[in-house]
Number of protein chains: 2
Amino acid sequence: MFSKATEYALRATIYIARRSDEKNKPGLAEIAKVIDSPRSFTAKILQQLTKNNKIVSSVRGPNGGFFLTDKAKKLPVYSILKAMAEDEVLTKCVLGLKQCSETKPCPMHAQYKPLKQQLIKLFETKTIQDLASEITNGDSVIGNGK
Amino acid sequence: MFSKATEYALRATIYIARRSDEKNKPGLAEIAKVIDSPRSFTAKILQQLTKNNKIVSSVRGPNGGFFLTDKAKKLPVYSILKAMAEDEVLTKCVLGLKQCSETKPCPMHAQYKPLKQQLIKLFETKTIQDLASEITNGDSVIGNGK
DNA sequence: TTAATTAAGGATATTTTTGTCCTCTTTTTT
DNA sequence: AAAAAAGAGGACAAAAATATCCTTAATTAA
Ligand code: FES
Ligand code: FES
């Protein structure tokens with residue numbers, strides 16, 4: 001469904017949200033290990049999320065690492081998709097028509113549309129914090145332990 | 001959601017289903033034009049659908065082209081996804097965990113699962129013929145006219 | 001102030017996806 | 001039989017996605 005880059009972005013952000021506060025900032029090595037992603041590639045993705053979109057924050061130097069502000073934690077998961085420029089995975093025509101519209105719908109449209117809307121709603125409604133809590137509560141996992 | 005190749009495969013197959021019978025077999029040029037896809041790349045995809053998976057049939061020579069048998073028309077759309085080796089787009093974990101399971105679910109799983117199941121059901125239930133009929137009835141389009 | 005630690009950023013490499021082109025084979029028409 | 005019209009298939013090309021490495025900058029601790 002999503003690219004590897006976006007999958008890593010989602011997993012990394014959720015993990016950081018769960019692990020970070022004023023005192024505790026997971027570093028790249030820890031993050032990549034836990035979410036099981038290639039380290040340097042993950043670094044690039046975190047740069048993307050840090051730079052333009054202000055979803056993830058970072059500090060350099062000893063005891064540095066990545067963290068999410070309380071404000072960032074309240075962002076919808078959808079904002080990660082937008083930061084990765086993959087939000088149109090959810091919005092575009094499932095058969096690849098240039099426009100997904102009511103006036104010239106593809107033959108899947110009528111039945112696909114309600115599912116699509118539920119999907120979008122799910123990503124718009126769930127916050128990063130919501131997903132992080134799921135893990136803290138032990139209801140779900142994001143990778144290999146922790 | 002799906003790769004370009006799979007989008008072309010879906011559109012091409014639906015178009016062929018709609019246009020073809022014993023006497024009438026659309027050719028590559030016509031198909032690519034109507035569904036708005038790169039001609040030679042579409043040829044490769046149709047080869048894939050013809051060769052291994054027997055979804056599309058073809059005949060060479062003058063008045064040759066592509067067609068679907070009545071049997072093929074009754075196949076679920078899902079079979080096109082399988083032929084293109086992209087069925088796991090619908091089945092895998094939305095966050096990219098190696099397993100989508102109940103025992104170690106990702107934090108999206110609980111809410112994503114029902115949508116995923118509806119998506120799979122949609123692709124498993126709808127036949128190629130169903131979608132072709134939608135176009136014949138004028139209820140939807142697959143590309144630029146015809 | 002020096003050394004150590006950690007993210008940022010640039011350059012490069014690899015792999016996959018997407019796409020083109022040319023020749024070969026099959027089939028029909030003349 | 002020859003010519004023409006298609007798809008089949010292989011080789012190649014271009015672009016995008018994925019991934020690695022190395023140097024630089026910032027920050028902290030000794
Ligand atoms: S037009 Fe294809 S999904 Fe809306
Ligand atoms: S475990 Fe992630 S969707 Fe099922």
Side-chain angles (χ1 to χ4, degrees), chain A residues 1-13 15-16 19-20 22-33 35-68 81 83-86 88-89 96, chain B residues 1-13 15-16 19-20 22-33 35-68 84-86 88-89 96:
Chain A
M1 173 142 223
F2 300 118
S3 66
K4 295 273 184 196
T6 294
E7 289 177 356
Y8 301 152
L10 290 163
R11 300 216 297 276
T13 305
Y15 178 72
I16 296 166
R19 286 258 109 197
S20 67
E22 298 305 305
K23 288 284 156 199
N24 229 316
K25 291 179 274 293
L28 176 63
E30 175 185 338
I31 295 164
K33 189 177 182 190
I35 71 167
D36 191 28
S37 65
R39 189 181 158 137
S40 296
F41 190 40
T42 306
K44 289 282 181 260
I45 292 159
L46 288 173
Q47 273 174 48
Q48 240 185 289
L49 295 174
T50 305
K51 200 178 182 187
N52 310 308
N53 308 92
K54 306 281 190 185
I55 293 175
V56 176
S57 308
S58 68
V59 290
R60 293 200 253 202
N63 298 311
F66 298 90
F67 68 100
L68 264 71
L81 301 184
M84 299 301 293
E86 285 208 22
E88 56 165 41
V89 169
Chain B
M1 174 144 223
F2 300 117
S3 66
K4 294 277 183 194
T6 294
E7 289 177 355
Y8 301 152
L10 290 164
R11 299 215 298 276
T13 306
Y15 178 72
I16 296 166
R19 285 259 108 195
S20 66
E22 297 306 302
K23 287 285 155 196
N24 229 316
K25 293 179 271 294
L28 175 62
E30 175 185 337
I31 295 165
K33 189 176 182 191
I35 71 168
D36 190 27
S37 66
R39 188 179 158 140
S40 296
F41 190 39
T42 305
K44 289 281 180 262
I45 292 159
L46 289 174
Q47 272 175 49
Q48 240 185 291
L49 295 174
T50 304
K51 200 177 182 186
N52 308 311
N53 310 91
K54 304 282 189 185
I55 293 174
V56 175
S57 308
S58 67
V59 291
R60 294 200 253 202
N63 298 310
F66 298 90
F67 67 100
L68 263 72
M84 300 300 296
E86 285 208 23
E88 56 164 42
V89 168

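Side chains are part of it too, since the values below use all heavy atoms of this structure and drop only hydrogens, waters and symmetry mates. Labels below follow one simple rule: chain letters A, B, ... track the order of the sequence lines, proteins then strands, and each chain is numbered from 1. In this text, all values refer to a predicted model and were calculated from it rather than measured experimentally.
- One interatomic measurement links the two molecules: CG of B:D36 to C1' of C:dG19, which rounds to 14 Å at whole-angstrom precision.
- One atom, CD of B:Q48, and another, C1' of D:dG7, lie 16 Å apart when rounded to the nearest Å.
- Rounding to whole angstrom units, CD of residue B:E30 and P of D:dG7 are separated by 10 Å.
- Residue B:A32 comes nearest to B:R39 through the heavy atom pair CB-CA, 3.8 Å, listed as atom of the first residue, atom of the second, then distance.
- The interatomic distance linking A:Q47 (CD) with D:dT20 (P) rounds to 15 Å, in whole Å.
- For the pair A:Y8 and D:dT18, the criterion of a side-chain N or O lying under 4.0 Å from OP1 or OP2 is not met.
- Residues B:T13 and B:L68 meet the side-chain proximity criterion, which asks for heavy atoms closer than 4.5 Å.
- The phosphate of C:dA8 (OP1 or OP2) has a side-chain N or O of A:S58 nearer than 4.0 angstrom.
- Contact record, A:T6 with A:M84: OG1-CB, 3.4 Å, taken as the closest heavy-atom pair.
- Rounded to whole Å, the distance from CZ on A:R39 to C1' on D:dA19 is 14 Å.
- Remark: C1' of D:dA15 and NZ of B:K4 are 13 Å apart, rounded to the nearest angstrom.
- Annotation for A:F67 and A:I16: closest pair CA-CG2, 3.5 Å, computed over non-hydrogen atoms.
- Minimum atom distance to the side chain of A:N63 is reached by D:dA29, of the listed D:dA29, C:dA8, D:dT18.
- Comparing D:dC21, C:dT20, C:dA8 against the side chain of A:T50 picks out C:dA8 as the nearest.
- Using a 4.0 Å heavy-atom distance criterion, A:A29 is classed as making no nucleic acid contact.
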**Prompt:** Given B:T42 and B:S37, is the side-chain hydrogen bond (donor to acceptor under 3.5 Å, both in side chains) satisfied, shown in steps?
**Reply:** CA-CA 7 Å; B:T42 305; B:S37 66; 2.6 Å; yes
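- Nucleotides of DNA chain D nearest to A:R60 and A:T42 differ in position, and the one nearer the 5' end is that of A:T42.
- Of the candidates D:dG7, C:dT20, D:dC21, the closest approach to any side-chain atom of B:K44 belongs to C:dT20.
- Counting to the nearest Å, the C1' atom of C:dG9 and the CG atom of A:L28 are 14 Å from each other.
- Which of C:dT20, D:dT28, C:dT18 sits closest to the side chain of B:S40 comes down to C:dT20.
- We find that CD1 of B:I45 is positioned 18 Å from P of C:dT16, with the value rounded to whole Å.
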